[in-house]
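Every number for a ligand or one of its atoms is a count from 1 in the order of the listing. Quick caveat, the model's predicted, so the values are computed rather than measured.
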Amino acid sequence: MQILIDTDPGIDDAIALLLALQCPDLDVVGITTVAGNVGLEQATRNAAGLLQLAGRTDIPLHYGAAGPLSGPSRSSAAHGLDGLGGVALPHDRVEAAPDAAQFIVDTVNASPGEVTLVTIGPLTNLALALELDPGLAGKTGGLMMMGGAEGAGNITPSAEFNFWCDPPAAQRVLAAGFPNPIMVGLDATHQAFMSPGVRELLYQIDHQQARFIFQITREYADYYWRTHRQVGAELCDVLAIALLSRPQLVKLVDAHVEISTNGITEGRSVVARTDRFRDLAPNAKVATSDVATREFFEFLLTTLFPDD
Ligand code: BDR
Ligand code: CA
């Protein structure tokens, strides 16, 4: 499957990218960056460093939006000031081209029906791409999106971080008519919680990427303890990537989803399951909390480190 990943690395983004690059059935045809967890420049530097760590500098990298379509720029405290928990990448040379939105449009149009768009950050770049080419959604192979929640938010009582960063962009994407649109929200990602036991396994693996993931998740785990009194770290973006290769890991339900754009509910994804609210047309398959957690971590570790 050809995928183009839009990202704001980010600790879980970093692991998600490494997993995608290592999955035999995923062909990463490009990476685009967006401001979110950290500013655009840092996000792009991190993405470039990750491509170098993975030995995949052949993959095109384009930077995009430095802020939302409108309104204030927002960032996350979960990933440290540099987005990677203060852990330096082995090389830190930025080689990125501009114009993420145009790159998305060109890549999709070059192979109609083939490229699945994967968003693991705010939806700004994709909304801008839809502005450039209003027929874009129908020419993709599908959409895999980490964002939103049927239940409570993680950044406000209502909103999940990626949707909260740019609610109008998220709404535009949901209304665009993508084929097979999948929304992996917090209900599912709460089940993708990396325990200290999984970190211990990583510690024992003699591999540069295992050491890197062990180190970057230290800051992330500290954050979850400080803010939620939870032991471990939630691998939100990683679950979305895993689902591309292993759809059976999560139960999905058909839903009509709309994003609130103001007030205390700003950024909230209102999820109406269409088996119950039958007069609404489904615009997404939403991941539920029915997640095969053990199989997910097995998949992650055996894909990243097949020999260990
Ligand atoms: C999302 O927000 C970011 O902090 C993570 O990288 C993930 O994409 C989870 O709400
Ligand atoms: Ca992210």
Side-chain angles (χ1 to χ4, degrees), residues 3-20 31-40 42-47 50 63-65 68 73-85 100 117-126 143-167 169-170 173 182-194 213 216-217 219-224 226-228 230 232-244 259 266-269 271 286-287 289 291:
I3 62 170
L4 190 160
I5 305 177
D6 189 64
T7 175
D8 60 337
I11 291 168
D12 58 333
D13 300 76
I15 305 168
L17 288 179
L18 294 176
L19 176 64
I31 292 178
T32 51
T33 56
V34 63
N37 286 322
V38 286
L40 180 65
Q42 185 68 50
T44 308
R45 186 174 306 131
N46 292 347
L50 288 160
Y63 58 88
S73 283
R74 291 160 165 166
S75 61
S76 166
H79 306 261
L81 285 179
D82 66 353
L84 295 177
L117 300 182
V118 182
T119 63
I120 54 176
L123 281 303
T124 320
N125 285 341
L126 195 40
L143 173 70
M144 176 66 78
M145 177 173 47
M146 191 281 130
E150 188 173 5
N154 61 356
I155 194 82
T156 74
S158 295
E160 179 280 332
F161 179 77
N162 289 341
F163 284 9
W164 177 73
C165 281
D166 197 342
V173 169
I182 298 179
M183 176 184 127
V184 181
L186 298 175
D187 317 279
T189 63
H190 288 334
Q191 310 304 320
F193 214 78
M194 179 186 250
I213 296 172
I216 61 174
T217 48
E219 167 87 21
Y220 210 31
D222 284 353
Y223 170 83
Y224 274 98
R226 277 196 318 273
T227 57
H228 297 68
Q230 280 177 311
E234 194 168 328
L235 301 190
C236 306
D237 297 337
V238 189
L239 185 62
I241 297 292
L243 215 52
L244 291 163
I259 313 301
E266 185 189 15
R268 170 155 196 80
S269 44
V271 176
V286 173
S289 59
V291 176

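- Taking all atoms of both residues into account, the shortest heavy-atom contact from Met146 to Ala240 is CB-CB, 4.1 Å.
- When the options Val34, Thr44, Thr32 are evaluated for a side chain to side chain contact (heavy atoms under 4.5 Å, CB included) with Tyr63, the one that passes is Thr44.
- Partners of Glu219 according to the salt bridge (charged side-chain N to carboxylate O under 4.0 Å, His left out) rule, which considers only residues two or more places apart in sequence or in another chain, do not exist here.
- Atom CG in Leu243 sits 5.5 Å away from atom CD1 in Ile182 (nearest 0.5 Å).
- Separation of atoms CD1 (Ile241) and CD1 (Ile3) is listed at 5.0 Å; rounding is to 0.5 Å.
- Shortest non-hydrogen contact noted between Pro167 and Glu266 is CG-CG, 3.8 Å.
- Within the protein, the N, O or S atoms lying under 3.0 Å from the Ca ion (ligand 2) are Asp8 OD1, Asp13 OD1, Asp13 OD2, Ile120 O, Asp237 OD2.
- Under 4.0 Å from any atom of ligand 1, one finds heavy atoms of residues Asp12, Asp13, Asn37, His79, Ile120, Met146, Asn154, Glu160, Phe161, Asn162, Cys236, Asp237.
- Ring-plane geometry between Tyr220 and His79 is classed as tilted, the angle between the planes lying from 30 to 60 degrees on a 0 to 90 degree scale.
- For the atom pair Asp6 CG and Asn125 CG, the distance stands at 4.5 Å (nearest 0.5 Å).
- Considering only residues two or more places apart in sequence or on other chains, Asn162 meets the side-chain hydrogen bond (donor to acceptor under 3.5 Å, both in side chains) condition with none of them.
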